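Some notes on the structure that comes next.
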Amino acid sequence: MGKVFNRPEKGSIYLTRISKEIELIGINSIGIVVIISFFMGAVITLQTALNFDNPLIPKYLIGYAARESVILEFSSTIVGLILAGKIGSNIASEIGSMRITEQIDALEIMGVNSASYLILPKVSAAVIINPFLTMISMFVGIVGGYIICFSGALSPEDYLEGIHLYYNGFYIVYGLIKSAVFAFIITSVPAYYGYYVSGGALEVGRASTKAVVLSCILILLFNLLLTDLLLT
Amino acid sequence: MIEATNINKSFNDNHVLKDVTVFFEKGKINQIIGQSGMGKTVLLKSLVGLHEVDTGQINFDGRNFTAMSFMERKEIRKEIGMVFQGGALFDSLTIQENIKFPMDMFTNWSEEEKLDRVNFCLSKVNIPDTNKLFPSELSGGMQKRAAIARAISLNPRYLFCDEPNSGLDPITALIIDNLIREITIEFNITTVINTHDMNSVMEIGDKIIFIYQGYKWWEGNKNDIFTSDNKELNDFVFASELFKKVRDNHHK
């Protein structure tokens, strides 16, 4: 870890690499985040509406419940878990392949701090871009819930009223903090597994699987810890 | 000159290098030979610091490499070029970007100067016009040449090659050998080659070090091989019928 956060050899090259990683990790993930978030928001709204069958409970609370679910939990955690699979396996296999084909040794021989050169831009890019992805996810999730209202489960007016109810800005901050922590996990854990892989293609595959599984477990664990720390 | 004295290296209980003392001369092709699994690659990787030696000392022109910190070693590593067995070109970069990489990292040259140097290196290894290609688009021999071009891009004082001929046909292997010899002489580099290709030894070897079961078993030049009575060396070098005939002809 110390090697990763050493002072970079040449700052301008690292900045270029960070911008490339932002594109790879962030921009290229927008599509999947939008799709997942839209359906997630729609399903949460639909399920909440189906379960709020007591006539004494105001219908606008469905919109409120959907908003809180999306902002507090789903946008950061579910998107984090999905990205752990997409980005995590990619990072572990990319760095692992570089290890077994001696490309990392080649960097070291040149006098380049390979851990810093390969891992730091990925971690930095993910920590920068993941909160933006989470914000997109929050917005699209809420829009998904609104659109499903036209299926008749709930009136769009009630949904919009619920969306505006008891707004607490810190909940968004909390979601963004979580997403930044998850971004660190889904890049650093696979990078570690890839960097220290030895053997051949089979070991790279195994390292990739292990990295994704551990990332998911750590996301769930830190989700609990951060919730306890920030909300209670 | 590179001096390695009393080098020992173990991996858990496996004692791979046993008190190896070798000197690699400047401007010459120094070849480490031996069977697979005898410690050649471990010795080569220990010399460049990819493996930390357990005991012993490695000096690069009098500079004690083993005693240096990570940051101090970086300065020496900038003087080292290395050609790996598989080329180890960065597969996400084009050939031009691969060769330019060390310049981007360690020089303040202008883009034009860097491109001039890239083209010079590519013409030196005789693969011009491959600038925009990716490593996967080149043949094995061309990848090795590109790897040599990258290794010499910053005018190294020391060139290490790990089995540069492996997987190549005899003609391409000969071209690579001659290329390494030409570069070594022209730039007065200390070149260390790890090989078990006896054609290469006979072609370009100035100084040959035979590693056997982790020990430096024998050293000499390519002519000494024919007169040596070292059994293990003879068993290794003259294992094939072809080389037995070469020896017999040499003795006639």
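Residue numbers start from 1 in every chain, and the chains themselves are labelled A, B, ... in the order their sequence lines are given, proteins ahead of strands. All values reported here derive from a predicted model rather than from experimental measurement.
With chain A as partner, the option from B:Gly49, B:Ala147, B:Ala88, B:Pro156 having the largest number of non-hydrogen pairs under 4.5 angstrom is B:Ala88.
Taking the six-membered ring for Trp and the full ring otherwise, A:Phe182 and A:Phe222 have centroids separated by 6.0 Å or more.
Electrostatic pairing of B:Lys45 and A:Glu102 counts as a salt bridge here, judged by a charged N lying under 4.0 Å from a carboxylate O. A salt bridge links A:Lys178 to A:Glu73: at least one charged side-chain nitrogen sits closer than 4.0 Å to a carboxylate oxygen.
Looking at A:Ile109, the atoms closer than 4.5 Å to chain B (heavy atoms on both sides) sit in the backbone and in the side chain alike. Neither the backbone nor the side chain of B:Ile76 comes within contact range of chain A; no heavy atom of the residue lies under 4.5 Å from a heavy atom of that chain. Contact of B:Phe101 with chain A is made through the side chain alone, with heavy-atom distances under 4.5 Å. Proximity to chain A (any heavy atom under 4.5 Å) is restricted, for B:Arg150, to the side chain, taken from C-beta onward.
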Walk me through it: do A:Tyr171 and A:Tyr167 pass the test ring-ring contact (aromatic ring centres under 6.0 Å, His included)?
-> CA-CA 9 Å; A:Tyr171 286 175; A:Tyr167 172 74; 8.7 Å; no
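Taking a 6.0 Å sphere around CZ of B:Phe90, one finds it holds more than 12 heavy atoms contributed by other residues, nucleotides or ligands.
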